[in-house]
Every structure is written in C-alpha cells, then in structure tokens.
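Here the structure is a predicted model, which is why all the values come from computation and not from measurement. Letters go in sequence order (proteins before strands), and every chain restarts at 1.
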Amino acid sequence: MIYDFNSIEEKWLRKWKEEKAFEPRMDGEKFLITVPWPYCNGALHIGHGRTYTIGDIVARYKRMKGLNVLYPMGFHISGTPILAFSKKIENGDAQTINLYKSYLELYGDDPSKVSEFAIPDNIASYFSERIINDFTNMGFSIDWTRKFTSGEPIYNKFVEWQFSILKEKNLIKRGDYPILYSAEEGNPVGEDDILEGDTDKVSITQFTGVFFYFGNDILLASTVRPETLDGVTNIFMNPEIQYCRIRMRGQTFIVSRRGYEKLKYQRDAEFISDVDVNDYIYKMAREPLYSREIPIFPGKFVDPEIGTGVDYSVPAHSIWDHVGLMEISEKPEYIQVIEMENQRLDMEEIRKKFGISGLKDREKLVEATKYVYEQEFYHGKILKGRFKGRVVKDVKDLIIEDLIQMGIAIPVYETSRKAETREGNPVIVAVIKNQWFIDYSLEEWKEKVRKLIGRMDLKPDNLKNQFLQTVDWIKERPCARKRGLGTKLPMDTDWVIESLSDSTIYTVVYTIMPFLRRMRYEEIDNDLFDYIFFGSGDISRKSEATRNEANEARKEFLYWYPVDLRHTSYPHISNHLTFYLFNHVAIFPENEWPVGISTGGMVISEGQKMSKSKGNVYPLLTVKRKYGADLFRMYLASNADVWYDVDWRTSEVENYSKKLERFYSLLDEARSTTSEPDERDMWIVSRMIDRIEKSSRNYDSMRIREATIDLFFNALNDVRDLENFAGKERALRAVRKFAKEWALSLSPVIPFMSEEIYSMYGGDGFASLQRYPSMTNNFRDHEYEWEFIESIVEDFRSITKVSNMKPSRMIIGTAEEWKWKLLDESKSMDLKTLIKEATPEHRDFLLLLMKKKDIAPIVRNEEEVITKYKDDLSRYLNVEIVLSKEGAHTKKALPGRPAIRLE
RNA sequence: GCGGGGGUUGCCGAGCCAGGUUAAAGGUACCAGACUUAAGAUCUGGUUCCGUAGGGAUUCGGGGGUUCAAAUCCCCUCCCCCGCACCA
C-alpha cells in the first residue's frame, strides 16, 4: 500500500486544529519551550526549518511525557532588511522584484502583486502568513493564538517598558561610536550592503593620528603602530596628491583632501584651503615627543586612500619606510625603539629575505610588513619611556591612551580593507555621536549573568564555556539606530531600538498576549506591565475589564514563566542568547530567569553552504509537497546530531522516503495477522521494549539522532532479520505485538504517520497527546537465546566463506559439562591454583580461559535452545542440523561457542 | 589574534567524556547473487590484507608517551571549519 502523505497529513492537520490540540490551558506541570522568532522577509527554505523542527520534537516528546507544553511563536520584523527590500521594490530594482515575484509564484500567488511590497508592512504581513502556513504544514505543535510581531503597537509598548527599566537601572548610556558608513548614500552600511561583504569581511581599524608641528599647522600623520613613535626619523608626503588645511578642535591640520573627506564624518572638521604639497617637502617638522626636527620627504607610495595621506617614517621598524628611503638619496639615522626577545629584526635583512627590490614589490612588502608587525607585536619589548621593558601587545592600548592624553594624537578610524557598497560607493568610517548603548560591560551585571549560567541546563556541554567567554568580552552595545522598523527609544524618539536589542525578553509576552489584546490599547502602559510582571504597578484607575485581564495575565505569566528551554542555532550564542540572559537578569526576579538553552547546527545542502548561485536552496514548501513533512522531519532528526550541521542531500532524502514507506506498510500489514506470535520470535519484542526505554533517555538529553536511528533504522533491521529467519507471517505477528508503541515512540519525529498508524490500531484520541510508551520486558531470555543462535549463524557464514563450500549438514557440538564447571569455578577461585591442580586436558582449557577473556556464554541450556530453533535454522541456512558431541571438533567447543562441523 | 569545534574504514557520519565486548553503529556508494522479458525497486551476501574451518596481521591526520590493553587517556606537531557585534 502506498502511503499518501498529502491527504494523511492534511487530515491530521485538520483534526489537530479542530480540537485545538496544541493550545494548552494552565494545568499541571508546565514546560515552556521557545525558538527565536523568524524574520519574515522572504520564503522559508530548508535551513529555516531545522531549529523549529528540533524545538517541535522536544515539545512533542515533553508533551508525551506528561508535561503541559507551550510552544509559541511570533514574527520578527524590526530592523532594516524589510525596509531595504521594500525600498528597492519601490525604486524598481529588477533583481529584487524578480526575487519577490518568485516568492509569490512559489506560494501560488499572482506575481504582479509584487508592487504591494513597496510598503514594508505588506512584506511583513504576507510572509508571516506564509510562515504560519509552512510551519503548520510541517506539523509544528505551535500555539498560534499567542502570536505577535515585533512591529505591532502593543509590542512596542512592551519594549518601551523594558527600556524604561533599563534606563532606570542605569544600564543605558551614551557615547561616540564608529561605524561603517556610506557618505554618498547617507547611511550606515552593514555586511549585506557591502560588495562581497559576506565573503571578505570589512571591519573598523583604529589608527592613531599623531601631531607633527609645522609652523602654526599640524601635520596629522596616521599610523597603526604608535608604539614606534620614538623612532621616527622623517615624514613622508605624497607629491602626487592634493593636501589641504582644515580646522578641528581649535587647531589647524594638514591632511590629504581624501583624508579630510573621510575625517569630517568622524569629528567636526572645517575645510580652510587647499595647500601645495611642495611647500612641505624637504622642509622640517617637529615631532611631538622630544621636539626633534625631522625632514619631510616625498613618498609616492603613500596611499591617498588610507588614513590622512601623511605618514611618519620609522625605518628601523618598518619595511615600507626602509625601502621608501632607499629610493631617495636621503638616509637618516635609524633609531631602534623595540627589541626582540630572541632575534634581531634588521629591516635590510628582512628586505633581502623577502626578496624586495623596491617599492614596486607591493605584495612582498605587504607580506613582510605583516611579518615584522606580528613579530614585534607579540615578542617585541619597548626600549624607551614609561613602558620600557614591556611587550608591545600588553601596552599598546596604554601607549595610545597616553598620546591622546598628552594632546599629541587623536584616534582616526579606517576600514580594514578598501571596500565599496553594492551600489558602488566607497565605504568609510563615520562616528555616530551620542549613540545609545546598553552597557553590558558592567561587572556586577556580568557577575549575575555568570551566576545564572552556572545553574542553567545547557546543551551541548561546551555551551557553558562559550557563554562565560562571551560574558567576559562583551562590551557596550549600541542599541538604537536612525533607520529601520521597530520601537522608538522612549527617552529619545529620534532613535529606533535596534533589532536584536528589542528581542531579548520578548518570550515573556507569549504568556500574556491574548490578554493584552483584549485590553484597551490606551490602558497598556508601564504601570500595567509592572503589575503583570512584578505585581507592583498601580492599575487601580484602569477600567474594570482591563484590571480583570491584567489579573488573568499575571496568573498566566506566573504559571508559564520562566522559559524551560530556548533552542536555536549556535551563531546566536555570542549575541542574541547572551543579551537574552543579560536582560532577563536585569529585569526579572531570579525565579523567572531562563532554565535551559540548547544550540544546534545549521543546514548545508548537497555538501555545501546554501547559496542561490549554487542552486542548492530548497524552499520548505517545495520539500513538503514533494516528500511530506514527516520525511523532512525524519531526515533532519537522523542525519546529524542536534549540535552539528545537517547535510541535505536529495539522493539520500529519496532513500528515506522508501524507508518510511516500508515502515508504514509493515505496520499496516501486521494489522491483518490474527494469531499470537511464535514464542521463538519474542526476542524482537524484547529488543523493541529496550529500544523504547533507551530512546526515552536519548530524547531527554536531546540525542534525537540516536533515538531516531535506534527506533527507526535499527528496529527495522531487526524486523528484516526476523523476516529472513522466520518468514514474513511470523515476523508480522511479532511486530503486531508492539506496533502501537512503536508508532507512538516515533510520534515526536514523524507525528503524522504516527497518528495514522495509531488510529489504524484503534487508538483513542491523538497519538500526539498519548503518554510516551513504556513496557515491562518479560522477554529478555528470548533475546539471549536469539543472540546465541545469531552467533551460530555468524560462525556458519564465516566457515562457508573461508572453506568455499556448500554444506548440506551442520553438526553442532556444545561444550562438555566439565568445561562449564571449570568456567564456573574460575569465577570464584584463583585461576592459577586451579591450573596447578588440573589434569592436562583441563589445564589447556584453563589456559585458554586466561588468554581469552571473552568466553562469556549467554545461555546455559545451549542444546535445548538449538533444538528449539533447529527447524528455523535448518530452513534458513538450507542445511540439515545435527546436534552431536561425537567427532573431533567437539574438543574445540567452548561454553557460548559450540563446535561446528560442516559437511 | 581571541574563543569554540573537528580530522575515523570509498563518501557522509557514530564511537571517544566513563580505555578492553570495535575491523569499528547507521546511512550511502560499489561488487556479486536472487527476483524481473529488461530496467528500476526490493531482498541476500560481500567490500583493509592474508587464510579451503569459525583464524591471523595491519588500521582511526602525524610523532611520542601512559597501560597487560588506546580510535578512546597525556604531551608535541600538521591541517580544516565556525563565531567575534550593531547584522538579522
């Protein structure tokens, strides 16, 4: 019989919905599980389904274990992507329009409706509807009655409440902050906005702009190695680029034009006039530390695109400077300011070593520079000044701080590589003034979070370490932006709360959303939230209806919270999950802090990272239509452990489909049997009972893969073995004995098929809502007997293989009684004494016992067992079975291993 | 750089935390056979090497060590992947 997953899955979806199977009421021991809400800007693909599938498997298992499970979900719409896409559609960007047309087509909608996506809300609402549909179809046991989005007004109120608390507790502060920026586009740029930004990351590098005095002006020389300032010998300016005079912080500076263009986004800078570079070259400037006069030399290698276009030269520690000086006739005295621990770094030697002949060997110069820099950074000791004797890496930040304090340097930011936006404009660094931060650097706050981490249930094991690590290095985080969807910052409504910061404690809203929706919107305010969450806010002046709802909401919150398990993928560890912990700790009382977190891997496809260009991105909907939800779930569950990446391989997926078919038709056929199973076949029942027992432990520790492989693949292999050995009819009779329990045990993974089989066998209610099966095993002896028979089959096989014969008779001789006796004695007595007293024949056996510790018979009555299975064995191996102690071979028989002679 | 995770038999991937029951689960691929008009599907057996009796030898990135015994523990070394923030 062919399993028609489409109609069967539809049927159960309908029934679950009709009977509100997954909309729990407060009753009994609760379990709240959450997975971060999806961002709804496009069609879901197989990668999106993973964490929700794992979440659902856990939810379903816990439900079957008798817990009252709530698995809620909402939608994330805050931030810039939706906005950016709708803007591109509005502007007629062909690529984006085609992309969204393809989404519409995928979902069977009219592609011409794409123009509606010019309104961001339409993107959000369209895809959130599709996600509900996709996830429901996947069988996720989500309670949708509690859904909401991060953009809706009620939620905005909640976030405002959250931020007012953070503010009250002094966890929010302001300051300047450098970001990547496009001057032409007037926007900050993220990874997605940068050309090849995902493959070749751009970060912000802090340079130090050092002041060199020239008349009334200051030459601003930018460097990444301010620790070498003591060794400066000259300045380089590029005679081929335009310089200018600008005013900053009450002083006038000389920088390149390009440098000014960028600098003005970092601090207040006013252009005064262009200057002629020739007025500077070969003149003298004064360096700031000792007021030494040093010359300005022409240096065409000075890159106008980097920094300020003014470089100071330290030829003793820079290969560029050394080679640069070689090319002009001047030769200043080299001043060494860093000493290596165990080697001498001489620039001339380095030059030769790297085969650099001149400035034209750019690549080699870059390579050599990197080498020198790394060596001196990690192993170089400062020779002068207050940090004398210290290693560069330990004091570099202090040196920079000193120079700034002394008023002879300022920080200058530069991108880590030359980059441009996807629209072709240069990416620069801008400094955002008065940026709002959440101050995660506060030590007492961190300490509370560490305390929480210490007591949480974290999976996998190394997660704890990763969290502690993250807590250590986490600093202030900017929490608001000037653009994007989301909630306005309550204390400064020019800003929108950044999209990760607005989603840290939202899980609590699931517990109360239905109640909030029944209130008058105007009555929802900070007092109300204080009341619901802390029992403290004054709601006495609100309407009676609202007060009632608030009371119910408070009960519901106290019942469901905290979150028992939050499951997501590992990239969230160092950001979202950490914020999640910090914010809970800051806002909620200790008994509402998160209980457990688990992280899982991602999905790759056909052995590679998913990407459109590789054509290996499969939409969830397509997969569901083609293979069904059960198959998708089964594949994800069994292909890799939760913590590792899953590899979606179409060819393997097809094979899974056959296996599921086989499972279904096997249980379907088993139904038709009427008589009780043969006693000899009860071993398979014993094994199944043990497998189910074991699976319980596996599900508990989220070893879902192991549970699935054992319950499904290994169990199916047992059935196959039994079928081969005893024939189909007998196998089916045995399978019938545990069919219902088998189906139930797999219900968390393949809920639809499980429901179908369960009902086929006359089960009441939903399989999804049954207790997880558990049976007493009275058949273990049968299993031992079977193992013994299996070992005889194995021996038979290896002998026929080696001897290359087709035997017609197998003579089996079990070990003589005295061997059993000695074996028993050897367990309670010292082997050596036994050997001393033994006859020569017995001694040989005892020596063997000493050598081979694996003589561990599993059944005592071997002859009896062989007789019992004689007919089966004979039919299966197609030989006559003779049980006899006669013949030379019997001497070789051991307990647990009878002698076999083939004829 | 900082932090995390890996390198296992054709491939994917278990096992290693609690050393022996591991030539090493499961899947997949391949070979042979059965079935079939044929293909596919399915089933059976096999897939490190040697061996005409259930045996032996050599394997788990490389090197060294601990142990009666190591894929599993310790040390060194080579290589690969991932996260590092304003981006959802």
Side-chain angles (χ1 to χ4, degrees), chain A residues 36-41 76-82 150 177-180 188-194 197-198 201 203-204 374 377-378 393 432 435-438 440 460-463 465-466 468-470 472-481 484 498-501 503 569-576 578-579 599 601-602 607 609 635 638-641 643-647 649 651-652 654-656 658-659 661-662 703 705-706 708-710 712-714 716-717 720 723-724 791-792 794-805 807 853-854 856 889 892 897-902:
Chain A
W37 47 11
Y39 189 79
C40 21
N41 66 331
H76 199 202
I77 68 165
S78 24
T80 48
I82 288 180
S150 65
Y177 194 72
I179 55 161
L180 295 175
V189 292
E191 192 178 296
D192 294 340
D193 306 318
I194 297 169
D198 48 346
K201 292 214 164 124
S203 57
I204 294 170
E374 279 184 6
F377 184 74
Y378 293 107
K393 77 173 161 65
I432 302 285
Q435 169 67 272
W436 291 91
F437 297 90
I438 298 179
Y440 292 120
D461 291 340
N462 66 17
L463 193 52
N465 250 334
Q466 299 213 49
L468 290 174
Q469 196 61 42
T470 307
D472 280 348
W473 64 249
I474 197 166
K475 313 186 285 242
E476 302 89 348
R477 178 183 170 92
C479 63
R481 304 183 73 180
E498 175 272 330
S499 58
L500 280 188
S501 299
S503 303
S569 56
Y570 58 78
H572 282 143
I573 295 169
S574 59
N575 43 62
H576 167 257
T578 300
F579 304 150
T599 56
M602 321 270 281
K609 215 170 172 175
Y635 188 86
S638 65
N639 178 79
D641 272 319
W643 356 104
Y644 296 117
D645 291 353
V646 154
D647 188 0
R649 287 176 189 255
S651 62
E652 295 200 19
E654 316 248 326
N655 282 304
Y656 271 62
K658 290 171 209 152
K659 289 266 197 275
E661 287 265 353
R662 179 156 166 243
R703 289 192 300 260
R705 176 173 199 247
E706 204 172 321
T708 311
I709 285 181
D710 200 49
F712 190 72
F713 293 98
N714 292 347
L716 273 177
N717 286 348
R720 186 196 60 205
E723 230 178 282
N724 287 331
S791 75
I792 292 176
E794 249 173 60
D795 284 350
F796 173 86
R797 288 245 161 82
S798 49
I799 296 169
T800 48
K801 189 186 148 201
V802 178
S803 64
N804 209 12
M805 67 191 289
K853 288 176 180 149
D854 59 342
H889 281 302
K892 285 166 89 177
R897 175 151 236 201
I900 291 171
R901 194 170 79 228
L902 300 185

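When all heavy atoms of A:Ile77 and A:Cys40 are compared, the pair lying nearest together is CG2-SG, 3.7 Å. Minimum heavy-atom separation, A:Gln435 to A:Ala480: OE1-O, 3.1 Å. Across A:Trp473 and A:Ser574, no two heavy atoms sit closer than the pair CZ2-CB, 4.1 Å.
With C1' as the reference atom, B:G19 and B:A24 are 15 Å apart, rounded to whole Å. For the P atom pair drawn from B:G65 and B:G15, the interatomic distance equals 29 Å after rounding to whole Å. Here, B:G13 and B:U8 have their P atoms 9 Å apart, quoted to the whole Å. Separation of the C1' atoms belonging to B:A70 and B:C16 is 10 Å when rounded to the nearest angstrom. Here, B:U66 and B:G7 have their C1' atoms 23 Å apart, quoted to the whole Å. The same atom, C1', is picked in B:G27 and in B:C2; the two are 38 Å apart, to the nearest Å. Using P as the reference atom, B:C75 and B:G5 are 15 Å apart when rounded to the nearest Å.
Residue contacts shown for A:His576 are absent, as no nucleic acid heavy atom lies under 4.0 Å away. Using a 4.0 Å heavy-atom distance criterion, A:Tyr644 is classed as a sugar-phosphate-only contact. Among the protein residues, A:Pro898 comes within range of the nucleic acid bases, having at least one heavy atom under 4.0 Å from a base atom. As judged by a 4.0 angstrom heavy-atom cut-off over every strand, A:Trp473 is placed among the base-contacting residues. Using a 4.0 Å heavy-atom criterion, one finds that A:Pro571 contacts no nucleic acid atom at all. Residue A:Asn639 is out of contact with every strand shown, counting any heavy-atom pair closer than 4.0 Å. Heavy atoms of A:Ile573 sit nowhere under 4.0 angstrom from any nucleic acid atom. Residue contacts shown for A:Ser78 are limited to sugar-phosphate atoms, with no base heavy atom under 4.0 Å away. If you check every strand for non-hydrogen atoms under 4.0 Å, A:Lys475 touches a base.
The side chain of A:Asn724 places an N or O atom within less than 4.0 Å of a non-bridging phosphate oxygen (OP1 or OP2) of B:U44. Taking only side-chain nitrogens and oxygens, A:Thr80 comes nearer than 4.0 Å to OP1 or OP2 of B:A88. Within the 4.0 Å cut-off from OP1 or OP2 of B:G55, at least one side-chain nitrogen or oxygen of A:Arg897 is found. At the phosphate of B:U44, OP1 or OP2 sits under 4.0 Å from a side-chain N or O atom of A:Arg720. Contact check, A:Asn714 against B:G27: no side-chain N or O comes under 4.0 Å of OP1 or OP2. For A:Arg649 and B:U28, the shortest distance from a side-chain N or O to OP1 or OP2 is not below 4.0 Å. Using a 4.0 Å cut-off, no side-chain N or O of A:Arg481 falls inside it from OP1 or OP2 of B:A85. Remark: A:Asn462 is in phosphate contact with B:G5, judged by side-chain N or O atoms under 4.0 Å from OP1 or OP2. Between A:Ser499 and B:A88 there is a side-chain polar atom (N or O) within less than 4.0 angstrom of OP1 or OP2.
In this structure, B:C60 makes no Watson-Crick or G-U wobble pair, since no nucleotide meets both defining distances under 3.5 angstrom.
Ring geometry for A:His76 against A:Tyr39 counts as perpendicular: the plane angle is over 60°, on a 0 to 90° scale with 30° as the lower cut.
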